Amino acid sequence: MKVLGFHIRVSSFYSPGVPWSRSSAYPIPPPSAICGMLANALWLSSHILKTDEHPAVACLRRIIDKAKGIWAGMADGIAVSTTGTVKDVFGGSTVYKDDSVTKGGKKVKGIRGKLLPIQAFIQDNPEARSGEIIQTDILPRQFLFAPDGFRVFVASEDGEFLEKVKYALQHAPVYLGDSEGLANVMNVEVVDATEEKPNGMCDVSVYFRDDLASGIDGDGGTLYWVNERAILPGEKKEPMVSYLFPVIQRGKTFRPSKLLVRFNGKAKLLKAFGEILPM
């Protein structure tokens with residue numbers, strides 16, 4: 001088994017959103033965020049497969065098929081969680097149709113007090129394009145600042161594939177969380193991993209599925225529910241998977257932690273870059 005390791009430093013604030021939440025963000029990029037980032041880098045670096053699928057989807061499917069494990073851990077330092085605001089301009093935006101609006105010199109019947117999806121409303125009411133009756137929501141959203149960034153590891157049995165991902169990370173712009181979260185990728189390297197026997201307690205500083213552990217000790221950790229694999233068109237929705245993130249939350253700040261974990265028979269432990277990587 002080979003492991004690709006690299007360090008991400010985020011240029012400014014970033015916001016890896018929690019699924020089905022408009023405001024919450026993960027303290028560390030979950031596997032689904034890393035998966036999407038790698039697929040995007042492959043696409044932008046011209047590693048496009050010969051397929052009828054959209055190249056971005058083809059790259060995402062390739063990451064899902066080839067990557068046997070994805071992990072991330074917070075580097076030294078803290079991530080500060082702040083609450084910003086964002087205009088909900090697209091799908092969730094709402095409009096208010098005022099009784100005073102007229103069309104062709106005649107008053108248009110209002111729907112006072114009723115909020116409607118913006119696309120449907122504009123489609124049915126071209127006069128709304130004037131902007132006079134559209135109001136967008138201002139929603140809270142968490143943004144994180146991690147000055148020292150994150151360490152990321154990707155395991156695969158295909159060393160050639162990891163070399164292509166390595167090249168892509170070194171030559172393509174990488175974003176984390178959203179299109180404004182430009183990130184720097186450093187210290188990209190592929191190494192051979194060794195397999196460890198899950199005997200006794202192990203120090204772990206990257207997140208892992210909680211069903212792999214039979215006992216936990218250490219400074220602390222936070223449990224999150226994560227989509228383990230990205231959902232591709234035509235596929236059934238996958239269940240949420242519980243992950244333990246080795247971080248401690250203190251108010252609106254997170255600091256890196258290390259868990260002392262006893263793994264059960266389900267776990268396969270890899271060791272690379274001095275880290276225990278449970279899969």
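Computed from a predicted model, the values in this text were never measured in an experiment. By convention here, the first residue in the shown sequence is residue 1.
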Beyond-backbone contact of Val10 with Phe145, side-chain heavy atoms, under 4.5 angstrom: no
With a cut-off of 3.5 Å and sequence neighbours excluded, list every side-chain donor-acceptor pair involving residues 262-271.
{"unit_1": "Asn264", "atom_1": "OD1", "unit_2": "Lys266", "atom_2": "N", "d": "3.0"}
{"unit_1": "Asn264", "atom_1": "ND2", "unit_2": "Asp211", "atom_2": "O", "d": "2.8"}
{"unit_1": "Asn264", "atom_1": "ND2", "unit_2": "Leu212", "atom_2": "O", "d": "3.4"}

Within one Ile-Leu-Val-Met-Phe-Trp-Tyr cluster: Met186 and Phe150, side-chain cutoff 4.5 Å: no
Side chain Arg9, main chain Pro147, donor-acceptor under 3.5 Å: yes
Nearest heavy-atom neighbours spanning Pro173 and Leu44: O-CD1, 3.8 Å
Spatial distance of atom CD1 (Ile8) from atom CG (Leu169) [nearest 0.5 Å]: 8.0 Å
Side chain to side chain, Cys35 and Ile64, heavy atoms closer than 4.5 Å: yes
Phe6 side chain reached by Glu189 side chain, heavy atoms, under 4.5 Å: no
Donor-acceptor under 3.5 Å (His7 side chain, Asp148 main chain): yes
Gap between atom CG of Leu38 and atom CG of Leu60 - 0.5 Å precision: 10.0 Å
Distance-minimising heavy-atom pair for Ala168 and Ser45: CB-OG, 3.2 Å
Derivation of the side chain to side chain contact (heavy atoms under 4.5 Å, CB included) call for Lys2 and Asp192: CA-CA 5 Å; Lys2 300 274 189 180; Asp192 290 310; 2.7 Å; yes
Shortest non-hydrogen contact between Ala72 and Pro29, atoms and distance: CB-O, 3.8 Å
Atom of Trp71, atom of Pro278 and distance for their closest heavy-atom approach: NE1-O, 2.7 Å
Gap between atom SG of Cys59 and atom CG of Leu42 - 0.5 Å precision: 5.0 Å
Verdict with supporting geometry, Lys164 and Arg62, side chain to side chain contact (heavy atoms under 4.5 Å, CB included): CA-CA 12 Å; Lys164 289 181 179 180; Arg62 192 177 190 191; 3.6 Å; yes
Distance (rounded to the nearest 0.5 Å) between Ile70 CD1 and Leu277 CG: 12.0 Å
Sub-4.5 Å side-chain heavy-atom contact between Met74 and Val247: yes
Salt-bridge criterion met for Glu275 and Arg151 (N-O under 4.0 Å): yes
Those residues that, when tested against Asp203, pass salt bridge (Lys or Arg N to Asp or Glu O under 4.0 Å) (two or more places apart): none
Rounded distance (nearest 0.5 Å) linking atom OH of Tyr207 with atom CD1 of Ile28: 7.5 Å
Close side-chain approach of Ser205 to Lys258, heavy-atom, < 4.5 Å: yes
ring-ring contact (aromatic ring centres under 6.0 Å, His included) between Phe273 and Phe153, intermediate numbers included: CA-CA 9 Å; Phe273 299 98; Phe153 309 98; 5.7 Å; yes
Tyr167 and His171 aromatic ring geometry - parallel, tilted or perpendicular at 30°/60° bounds: parallel
Worked verdict on Met37 versus Tyr175 for side chain to side chain contact (heavy atoms under 4.5 Å, CB included): CA-CA 7 Å; Met37 183 186 72; Tyr175 299 87; over 6 Å; no
Closest heavy-atom pair and its distance - Met279, Lys68: CE-O, 3.3 Å
Value rounded to 0.5 Å, distance of CG in Leu260 from SG in Cys202: 8.0 Å
Residue pair Leu162, Val154: steps toward the side chain to side chain contact (heavy atoms under 4.5 Å, CB included) verdict: CA-CA 8 Å; Leu162 289 183; Val154 182; 4.2 Å; yes
Leu259 side chain reached by Ile216 side chain, heavy atoms, under 4.5 Å: yes
Shortest non-hydrogen contact from Pro256 toward Ala75: CG-O, 3.8 Å
Flag side-chain contact, heavy atom, 4.5 Å: Val190 against Glu163: yes
Aromatic ring proximity Tyr224/Phe245, centre distance under 6.0 Å: yes
